[in-house]
Amino acid sequence: MERARITVFDTTLRDGEQSPGCSMNVQEKLRLAHQLDRLGVDAIEAGFPIASDGDFAAVQAIAATVDRPIIAGLARACSADIERAWQALKGAARPRIHVFLATSDIHLQYKLRISRQRCMEQARDAVRLAKSLCEDVEFSPEDATRTDREFLCQILEAVIEAGATTVNIPDTVGYSMPAEFGELIATIRQRVRAIEKVTISAHCHNDLGLAVANSLAALAAGARQVECTINGIGERAGNASLEEIVMATRVRPDRYTYETGVVSEQLYPTSQLLSEITGVPVQPNKAIIGRNAFAHEAGIHQDGMLKNPLTYEIMTPQSVGVPDSRLVLGKHSGRHALGLRCDQLGYPFERRELDEIYRKFVVMADQIKHVQDHHLLELIQETRGSARRIPPAHVEVRPAAKAASATVGQNSGREYFQKPFPVSLAPDLNGSPLPLNPMAEHHCEQEDYLWGV
Ligand SMILES: [Zn+2]
């Protein structure tokens, strides 16, 4: 089957940076831009040059040093913005001016206070000016999903005639439903003259949690560019999440017949870099790059994972750049996972001894959310009945278990049990991953599973 190549337009540095707590300085933007280049995005919206001197400098620096992707700069539909954007972009190997103007009646009446006719002329003139400076021009009718369809089609025809090469359809307020957004794209494809000469793009916001679903619906209806951000950051509830769109097309090529140039192994490193720069953590259960995205705690899941990762994983952690799956030891874990962790820590147990450890482990796991290696080592010492409790830091471990016990010693001792679980940006909750062994010995005891589906 012919697979359509779609353009991944990253706007982390523009729309994403506009979200509270996510502003970045020039050096930080430059660092992220280089990582976005490694990630393989097709276009980087580097900023809004007229917004501030810092934004101008960042766009200029990125344009000068990041050669492969298209570098876009945002401009309102007026000459000062467009000329300023061009000043920042002109050093780029592949510059793009992105012009926008609101088109919905509510924006025209209350924000811009202009008529539809004036709006149309302003959009056309702005695109003409941008085109006189730069071959690659994108136009966005802001609030497109709440714009009268007939008027939307007319304005798109006008900007295409004026030289736009990409027309972007923003669901600026995150109001659209997937089927509805797909229909809008289909209508534009049917009704707008010369639409086949340009690329249709989707720009979705996540106010109803539908940004990715809407973007995928747009692709299915014929859009060939998606605008998205790392970690889904952006105004209000954010933009469509780049990693989710990319992996949806990778994991389900039967449903989504598109290809992107994204190097999926760079998704997690890029997400981590953005969090590090902004100090804004990713929610633990965030798809693809959240710290729990590949963590398995439920006993039946852990048991299946140890036998074969395909039982509960639709993609491998390595495919998105996460070092390994995490089997988190908690109250839903089974005896199999516990035994393996003890073994890794240098304490292989016989079945009966493991039973005793397991009973104590369940009691402990009821009190603390995640049982870490130092907790487990303490428990092992108690069970073995050593007269003097050996501090976990001094426990002799086999070489293979050294890395696993690297965190032992911090927070060790009973006082830890009263402390809340330490929150960390790192994905590694347990000090180290449990290696997956599909050939693990087959234990079929039902009592291994404290928790099912
Ligand atoms: Zn936006």
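In listed order, ligands and their atoms are each counted from 1.
By the 4.5 Å heavy-atom criterion applied to side chains, Ser264 and Met247 are counted as neighbours. Two residues are said to be in side-chain contact when any heavy atoms from C-beta on lie closer than 4.5 Å; Val371 and Phe361 meet this criterion. Ile200 places none of its side-chain heavy atoms less than 4.5 Å from the side chain of Gln225.
Using a 4.0 Å cut-off between a side-chain N of Lys or Arg and a carboxylate O of Asp or Glu, Arg31 and Glu276 qualify as a salt bridge.
A cation-pi arrangement is present between Arg84 and Phe56, with the terminal nitrogen or guanidinium carbon under 6.0 Å from the aromatic centre and inside a 45° cone about the axis.
Using a 3.5 Å distance cut-off with no hydrogens or angles, the side chains of Thr103 and Thr147 do pair a donor with an acceptor.
Atoms of the protein (N, O or S only) found under 2.8 Å from the Zn ion (ligand 1) are Asp15 OD2, His203 NE2, His205 NE2.
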